[in-house]
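Let me begin by presenting the structure, written as structure tokens, before commenting on it.
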Amino acid sequence: MLEWAKYRKQLSSRVSELGGLSPATLDGVRTLGGAGQKTGRLDARTRELIALAVAVTTRCDGCIASHTAEAAKAGATREEIAEALGVAIALNAGAALVYSSRVLDAFDTVNG
């Protein structure tokens, strides 16, 4: 298993390094990340649960590391996280089903 706290620290260091090389890129990501907070429509816990589900569907270990810590800080429970992950699992299965139909479509196009 990954040492998540150590990984998060290493990732933070590398992201800071990238920010030094391309500050506008990092500023843009920070702006996007903070945009949802400004509306006040979703609380931090809900946003972090959504972020965790998206992190799983996009297979982003860095996102998992940072948003798990933020979800815990926002008061998310293990059970709430499991439910959010269940949604991610269901969507991945659904996406596989939809894209499977695309394979059949592509095959029919190629095979005449």
Quiz: residues 84-110 side-chain donor-acceptor pairs under 3.5 angstrom, not counting sequence neighbours:
from	atom 1	to	atom 2	distance (Å)
S100	OG	A96	O	2.6
S101	OG	V98	O	2.5
T109	OG1	D105	O	2.9

List the atom pairs, donor and acceptor, that lie under 3.5 Å between side-chain atoms in residues 20-31 and the rest of the protein, sequence neighbours left out.
from	atom 1	to	atom 2	distance (Å)
S22	OG	T25	OG1	2.7
T31	OG1	D27	O	2.9

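I64 CD1 to T58 OG1: the interatomic distance, rounded to the nearest 0.5 Å, is 7.5 Å. The structure places CD of E48 at 9.0 Å from OG1 of T68, a figure rounded to the nearest 0.5 Å.
Crowding of E83 atom CD: a count of heavy atoms from other residues, nucleotides or ligands under 6.0 Å not exceeding 12.
Linking ILVMFWY side-chain heavy atoms closer than 4.5 Å, directly or via other members, places V56 and V54 in two distinct hydrophobic clusters.
With sequence neighbours left out, R14 forms a salt bridge (Lys or Arg N to Asp or Glu O under 4.0 Å) with E17. The salt bridge (Lys or Arg N to Asp or Glu O under 4.0 Å) test applied to R45 returns D43, E80, not counting sequence neighbours. Scanning for salt bridge (Lys or Arg N to Asp or Glu O under 4.0 Å) contacts around K9 gives an empty result, with sequence neighbours left out. Applying the side-chain contact (heavy atoms from CB on, under 4.5 Å) test to L11 and every residue at least two apart in sequence or in another chain returns Y7, V15.
The nearest pair of heavy atoms linking C63 to A55 is CB-CB, 3.6 Å.
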